[in-house]
Amino acid sequence: MSAQMSDNALSRRDLVKYGVLASAALTVPLERVVRAKNASDRIAVSKFPKPFTVPFAVPPVAVPTKRSSTTDYYTVRMRSAATEILPGLRTETWSYDGTFGGPTIQATRGRPIVVRQLNDLPATHPRLGYEAWTSVHLHGLASLPEYDGYASDVIRPGEYKDYHYPNAQDARTLWYHDHGVHHTAENAYMGLGAMYTLHDELERSLPIPQGRYDVPLIIRDAMFDRDGQLLYDDSGHSDLFGDVILVNGRPWPVMRVERRKYRFRILNAALSRGFYFTLSTGDPFVFIGTDAGLMPQPRSATGYRHGIAERYEVIIDFSRYRIGERVVLKNRGVKNVVDYDTTGDVMAFDVVSDPTDLSGNAIPDQLNPNAPAMDLTEAMAQRTRTFEFTRTKGQWTVNGKTWADVLESNYEYVWADPGLGDVEIWKFVNKSGGWWHPVHTHLIDFRILDRDGRPPSPWEIGGKDTAYVGENETLRVVARFGPHPGRYMLHCHNLVHEDHDMMAQFRVGPPSDEHHPVFADPAKPQPGPELGGDDDTL
Ligand code: C2O
Ligand code: CU
């Protein structure tokens with residue numbers, strides 16, 4: 001890393017972004033200027049580890065508490081833990097089972113999982129003071145409404161909730177993360193986010209990298225205060241941009257790799273930061289999977305834009321390099337984020353040996369011919385709906401309304417009400433030149449039809465549940481609404497925007513209180529009955 005920003009001085013690049021320099025100040029919204037205040041609370045950059053000195057690690061894999069003939073049961077405790085993120089400092093984190101950047105749950109298609117989530121967090125956030133309620137969303141799974149992590153279906157400290165996951169969909173990369181109403185951003189920032197992989201026969205039969213060559217990369221940013229604690233500053237509910245890049249919870253790690261192909265499941269778990277990833281060698285990434293799993297065909301690009309909550313499965317072929325070479329995963333940055341001198345590097349791969357195993361070292365021309373949502377066409381759509389993502393009077397809104405309208409209506413108000421099985425085109429419209437929004441729909445996978453009339457990027461040609469709606473962009477996506485009826489959220493996945501209050505809901509099928517997202521199966525006080533107690537054990 002070259003010249004780093006010192007803790008008190010802002011680089012010129014930062015000043016431009018902050019809008020402190022005169023020309024920018026006129027065009028940048030006022031709330032962006034307040035950002036500079038946190039510079040003096042921040043830890044000195046000299047306390048950061050040198051890039052690529054911290055060893056890379058894969059998050060631990062969760063172990064079932066119990067397995068019955070039909071179901072796997074897991075018990076996860078959301079709790080506070082002192083975690084060494086920056087060398088020599090103890091940072092309070094909130095995470096699943098106390099593991100910052102994990103544990104990964106591995107599922108197999110057709111075998112349901114029940115996860116008991118216990119909220120053992122402190123009663124209130126140590127610095128922000130809010131009550132530590134949570135809700136757990138498994139992002140990418142079609143769960144029933146009452147198990148979908150609906151924002152207002154909260155688990156308060158001392159309570160638990162059993163989430164039921166059918167795992168009926170195609171193999172894919174998912175993640176579970178906090179969704180507690182109005183505190184999703186703070187909770188996720190503290191560490192409540194982890195990966196979940198769903199496998200199936202097609203995926204296992206392909207000669208693509210598997211097992212130890214199939215590696216999760218959960219990438220996010222963070223900032224730290226002088227005591228080494230996570231510093232939360234969303235600049236007046238605008239966004240949060242940290243100067244430390246974490247991969248699986250570790251700052252700028254280095255991974256030792258063999259001279260062969262690896263598959264990386266890359267998740268952007270940041271609150272507000274978008275990335276534009278490249279490799280220091282200029283070599284391409286080969287994309288094999290999107291949010292909804294394997295793409296119809298592989299695609300390649302030498303760089304790509306990765307919005308919040310999107311997942312891309314990419315192959316990097318290290319057989320091109322000599323032993324001893326280092327390949328750096330770089331971030332070129334996207335518009336309307338604050339980049340620091342320290343955010344251009346993500347992690348490094350050191351090529352250390354010839355391959356010890358050459359199984360799964362190929363990229364077939366056909367991956368999943370029936371990739372979810374990819375068979376949907378414009379002509380199949382029954383109707384088109386438009387969703388405008390705008391900032392109105394300091395609030396982030398969808399068509400001028402917010403989650404407050406849902407609360408006021410006692411969860412009844414909906415932005416859209418497709419029939420079960422209907423195909424619809426949804427238009428996501430961002431008329432702002434100053435913001436971009438990663439738009440996420442629960443329940444369904446969609447196909448991106450076009451962006452401002454142009455085809456989607458090569459890496460987006462697969463089933464998606466989250467799409468980058470850039471500045472002044474209009475995206476059209478097509479989806480089939482199902483498999484479950486009920487109420488589901490649709491929101492901006494910039495979690496600061498989501499909390500304040502850019503979150504809407506849609507209802508599939510007619511109004512019904514069956515599977516009510518809040519009342520059907522609410523959290524209960526701990527301890528609950530034995531998990532899976534009435535189920536026959538293996
Ligand atoms: Cu990843 Cu509604 O969230
Ligand atoms: Cu947004």
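This structure is a prediction, so every number in the text was calculated from the model and none was measured. As the structure lists them, so they are numbered: ligands from 1, and atoms in each ligand from 1.
Side-chain contact annotation: Glu460 with Thr290, donor-acceptor N/O pair under 3.5 Å absent. Side-chain contact, Asp521 with His516: no donor N or O sits under 3.5 Å from an acceptor N or O.
Salt-bridge check for Arg311 with Asp291: passed, with a basic side-chain N closer than 4.0 Å to an acidic carboxylate O. Looking at Asp445 and Lys464, no side-chain N of the basic residue comes within less than 4.0 Å of a carboxylate O on the acidic one, giving no salt bridge.
Gly482 and Leu420 make their closest contact through CA-CD1, 3.8 Å (heavy atoms, listed as atom of the first residue, atom of the second, distance).
Residue side and main chain included, His179 places an N/O/S atom under 2.8 Å of atom 2 (Cu) of ligand 1. His440 lies apart from atom 2 (Cu) of ligand 1 in this respect, since none of its N, O or S atoms is found at a distance under 2.8 Å. Taking 2.8 Å as the threshold, His491 counts as a candidate ligand of atom 2 (Cu) of ligand 1, since one of its N, O or S atoms lies below it.
The distance cut-off of 2.8 Å around the Cu ion (ligand 2) captures these protein N, O or S atoms, sorted by chain and number: His437 ND1, Cys492 SG, His497 ND1.
Aromatic ring orientation, His177 versus His137: perpendicular (interplanar angle above 60°, classes split at 30° and 60°).
Tyr276 carries Arg332 over the face of its six-membered ring, with the cationic atom under 6.0 Å from the centre and within 45° of the normal.
Atoms NE2 of His493 and NE2 of His177, as seen from atom 1 (Cu) of ligand 1, are separated by an angle of 110°, to the nearest 10°.
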